Structures are given as C-alpha cells and as structure tokens.
**Q** 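If you scroll down you'll find the structure; I have some questions about it.
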Amino acid sequence: MYLVYICDDDPVFTASLAEQVRAVFPYGCQIERFHSAQDLSAAVSAKRPDIALLDIELGFDNGISLAKQLFPAGSNTQVIYITGYAEYCTDVYETEHIYFLLKPLKLPELQRSLSKAVERLKLAPVSLIVRNSSITCKLPLPNIHYIESHVRKLYVYTAEDRYEMGGKLSSLPMAVQCRMIHCHKSFLVNPQHIQAIITPNGSFNKYFQLFSGQTIPISQSKWRTCQQEFLSLLNQSS
C-alpha cells in the first residue's frame with residue numbers, strides 16, 4: 001500500500017482531490033491531507049510519503065522551496081506539483097519531480113501522473129535492516145515473505161530463515177509498511193508472494209496462501225481491504 005500526502009491550503013480542494021486519487025489510483029493507498037507547510041513538514045519528519053501532491057502556492061510558503069527541503073534528491077518521494085498558474089512550469093525544474101498538473105485537474109492527467117510515480121517507485125529498491133544481539137543484516141524486500149508481531153518482537157520470514165528483532169509492526173520503516181499488506185493486527189504480508197486468497201466454506205477464517213504454501217490469517221476488520229488489494233494484484237498481472 002502506498003502512502004500519499006496531499007498538501008494545498010484549500011481544504012475543499014484537498015478533500016475533492018483525495019476522492020479523485022482514490023477513484024483513479026489502481027493500487028492500494030493511504031491518503032493524508034495537509035493545509036500548510038508546517039503541518040506537512042511535521043508529518044514528513046514522522047514518516048516520508050511515497051507520493052506527494054503539492055500545491056506550489058501555500059499561503060506565504062512556496063511549494064517548490066518546500067519540496068527542496070522535504071524531498072531532496074534521493075529521498076525517493078515522487079513529487080507531483082499542482083498549480084493554477086502555468087508560469088511556474090519552468091520553476092519546478094529546480095527540484096526533482098515526476099509531474100506538473102494545472103488546475104482545474106483533469107482525471108486522465110492525474111491518473112497518468114500517479115501511474116508514472118508508481119513506475120518510478122517500483123524501480124527503487126527497498127530493504128529492511130534487521131538488528132538484534134547476534135546479527136545485523138539487510139534484507140531486500142522481495143526476499144521477505146511476511147512479518148509477524150508477537151509480544152513486542154518482530155519475526156521476519158524469508159524462504160530460508162526467520163529473523164527476530166525488537167519492535168512492533170508500526171515501528172517498521174514506512175517504505176516497508178506501504179509495500180506490504182496489513183492483513184491482521186499481527187501480520188504484514190508481501191504481495192509479491194501471495195498466490196491465493198482463501199475463504200473456506202462454512203468457516204469465518206480467511207487467509208492468504210503464499211506460493212511457498214504458508215498461510216497468513218486475514219482478520220475480519222481487514223477483509224474488505226485485503227480483497228481489494230488482491231484484486232489489484234490480479235489486475236496488475238493480467
């Protein structure tokens with residue numbers, strides 16, 4: 001699931017844009033809205049988004065300068081600028097960005113910008129650093145099948161090994177959380193390793209089945225989201 005930040009000083013516009021993003025984004029996403037440079041800066045210091053839709057004029061603040069500060073080269077956040085003024089189209093090249101959208105937004109353009117951002121994100125490698133008393137190692141995300149949380153410990157499963165480290169699922173890097181499916185309060189599963197979603201007849205238990213044969217539980221509260229995520233996976237592979 002991708003983390004998307006929207007920042008514009010017009011709350012009505014951000015609410016409308018959030019609905020438009022949900023309508024055209026072909027992947028699971030978590031959207032958070034901000035209406036000032038200060039609020040966005042505070043949020044980025046806590047967790048960096050995958051995609052930032054950023055208005056160039058934020059009251060007294062300049063979105064281009066803000067992007068330079070919050071999303072420098074190498075940060076891997078895909079910046080999409082939004083403005084009602086075409087004269088900014090050259091200024092945006094002072095920073096790394098993926099697209100430039102003019103208000104009023106057109107849905108095909110918005111969809112194209114988001115698809116381009118996801119294409120770029122897929123090219124960026126993501127890893128998890130595992131640390132405990134006996135080992136420190138770097139696990140590329142494609143190698144991780146799923147992560148289990150139990151009594152303030154995390155168990156990271158690959159095809160060959162299980163790695164233990166302290167923490168909670170919420171303490172994992174956002175880049176890892178956003179690319180896995182939170183199917184249960186105690187489990188994150190890597191969508192790359194999901195083969196099927198199972199709903200046994202006459203049973204309330206539902207789960208993902210991995211290509212390895214392992215099964216990962218899906219909680220009732222997350223069932224609808226997991227269904228949507230799995231359908232997105234099928235559409236991507238078809």
Side-chain angles (χ1 to χ4, degrees), residues 1-4 22 25-32 47-51 75-78 114-115 117-132 135-200 205-238:
M1 182 173 290
Y2 293 95
L3 181 61
V4 179
R22 290 190 183 95
F25 198 60
Y27 311 93
C29 66
Q30 175 188 341
I31 301 174
E32 297 188 20
K47 50 185 177 181
R48 189 180 299 277
D50 294 296
I51 301 170
S75 68
N76 201 39
T77 293
Q78 305 305 308
L114 293 168
S115 297
V118 169
E119 288 171 13
R120 183 77 64 85
L121 286 167
K122 286 180 176 178
L123 296 175
V126 175
S127 299
L128 175 65
I129 305 299
V130 174
R131 292 187 180 90
N132 57 42
I135 189 173
T136 297
C137 66
K138 184 177 183 179
L139 298 178
L141 188 62
N143 293 3
I144 299 172
H145 288 200
Y146 65 98
I147 302 174
E148 180 181 5
S149 172
H150 182 68
V151 194
R152 298 191 68 81
K153 285 191 180 295
L154 294 173
Y155 300 93
V156 182
Y157 292 83
T158 66
E160 300 84 14
D161 296 296
R162 183 185 81 165
Y163 299 84
E164 179 182 327
M165 61 188 290
K168 302 182 293 184
L169 294 180
S170 60
S171 66
L172 289 167
M174 187 54 61
V176 172
Q177 292 187 51
C178 289
R179 288 163 178 78
M180 301 187 78
I181 298 177
H182 197 170
C183 59
H184 185 281
K185 67 178 182 180
S186 301
F187 288 90
L188 288 175
V189 61
N190 189 337
Q192 297 178 45
H193 295 285
I194 296 174
Q195 181 181 32
I197 190 167
I198 308 295
T199 57
N205 298 322
K206 301 172 177 65
Y207 52 88
F208 283 123
Q209 180 173 299
L210 307 189
F211 288 103
S212 63
Q214 294 165 302
T215 56
I216 310 299
I218 302 173
S219 67
Q220 197 66 31
S221 63
K222 297 185 181 295
W223 168 241
R224 187 178 297 276
T225 301
C226 288
Q227 277 185 308
Q228 293 171 348
E229 291 274 1
F230 187 65
L231 287 174
S232 293
L233 288 173
L234 294 180
N235 290 334
Q236 292 171 44
S237 60
S238 61

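FYI, side chains are in, hydrogens and waters are out, and symmetry mates aren't considered; it's all heavy atoms of this structure. Just so you know, these numbers come straight off a predicted model, no measurement behind them. Numbering starts at 1 and runs along the sequence shown.
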**Q** Looking at CG of Leu121 and CZ of Arg179, how far apart are the two atoms once the value is rounded to the nearest 0.5 Å?
**A**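 Here the interatomic distance stands at 5.5 Å.
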
**Q** Pick one: which of Leu172, Val126, Ile147 meets side chain to side chain contact (heavy atoms under 4.5 Å, CB included) with Met180?
**A**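 Exactly one pass, corresponding to Ile147.
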
**Q** Would you say Leu139 and Ser127 make side-chain contact, with heavy atoms under 4.5 Å?
**A** no

**Q** Is there a side-chain contact between Gln220 and Lys206 in this structure, where contact means two heavy atoms from C-beta onward sitting under 4.5 Å apart?
**A** yes

**Q** Tell me, do Leu169 and His182 make a side-chain contact under 4.5 Å, heavy atoms counted?
**A** yes

**Q** Could you give the distance from OG (Ser186) to NE2 (His150), rounded to the nearest 0.5 Å?
**A** 8.5 Å

**Q** With a 4.5 Å heavy-atom cut-off, do Leu210 and Gln195 have their side chains touching?
**A** no

**Q** State the CZ-CG distance between Phe25 and Leu114, to the nearest 0.5 angstrom.
**A**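 If we round to the nearest 0.5 Å, Phe25:CZ and Leu114:CG are 6.0 Å apart.
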
**Q** Any side-chain to backbone donor/acceptor pair from Glu160 onto Thr158? Under 3.5 Å, distance only.
**A** no

**Q** Please examine the side chains of Arg131 and Met165, heavy atoms only from C-beta on, and report whether any two atoms are closer than 4.5 Å.
**A** no

**Q** Are the side chains of Cys226 and Ile181 in touch, meaning some heavy atoms are under 4.5 Å apart?
**A** yes

**Q** Less than 4.5 Å apart, any side-chain heavy atom of Ile218 and any of Phe208?
**A**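 The answer is yes, as the side chains (C-beta and beyond) meet within the 4.5 Å cut-off.
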
**Q** Side chain to side chain contact (heavy atoms under 4.5 Å, CB included) between Thr77 and Ile51: does it pass, once the steps are laid out?
**A** CA-CA 5 Å; Thr77 293; Ile51 301 170; over 6 Å; no

**Q** Is it true that a side-chain atom of Thr225 and a backbone atom of Lys222 form a donor plus acceptor pair closer than 3.5 Å?
**A** no

**Q** State the CD1-CD1 distance between Ile216 and Ile198, to the nearest 0.5 angstrom.
**A** 12.5 Å

**Q** Distance alone, cut at 3.5 Å: any donor-acceptor contact between the side chains of Gln227 and Glu229?
**A** no

**Q** Got a second to check how far Ile194's CD1 is from Tyr207's OH, nearest 0.5 Å?
**A** 14.0 Å

**Q** Are the side chain of Asp50 and the backbone of Tyr2 linked by a donor-acceptor contact shorter than 3.5 Å?
**A**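 Between the backbone of Tyr2 and the side chain of Asp50 there is no qualifying donor-acceptor contact (under 3.5 Å).
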
**Q** Is Ser149 close to Phe187 at the side-chain level, that is, under 4.5 Å between some pair of heavy atoms?
**A**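 Phe187 does not reach Ser149 side chain to side chain.
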
**Q** For atom CZ of Arg22, decide whether the heavy atoms of other residues, nucleotides or ligands shown that lie under 6.0 angstrom number more than 12.
**A** yes

**Q** For the CG atom of Asn143 and the CG atom of Leu128, what is their distance to the nearest 0.5 Å?
**A** 11.0 Å

**Q** Can you label the angle between the Tyr157 ring and the Tyr146 ring as parallel, tilted or perpendicular, going by 30° and 60°?
**A** parallel

**Q** With no hydrogens and no angle check, is any side-chain donor or acceptor of His193 less than 3.5 Å from a backbone partner on Pro142?
**A** yes

**Q** Tell me if a side-chain donor or acceptor on Gln177 pairs with a main-chain N or O of Ser170 at a distance below 3.5 Å.
**A** yes

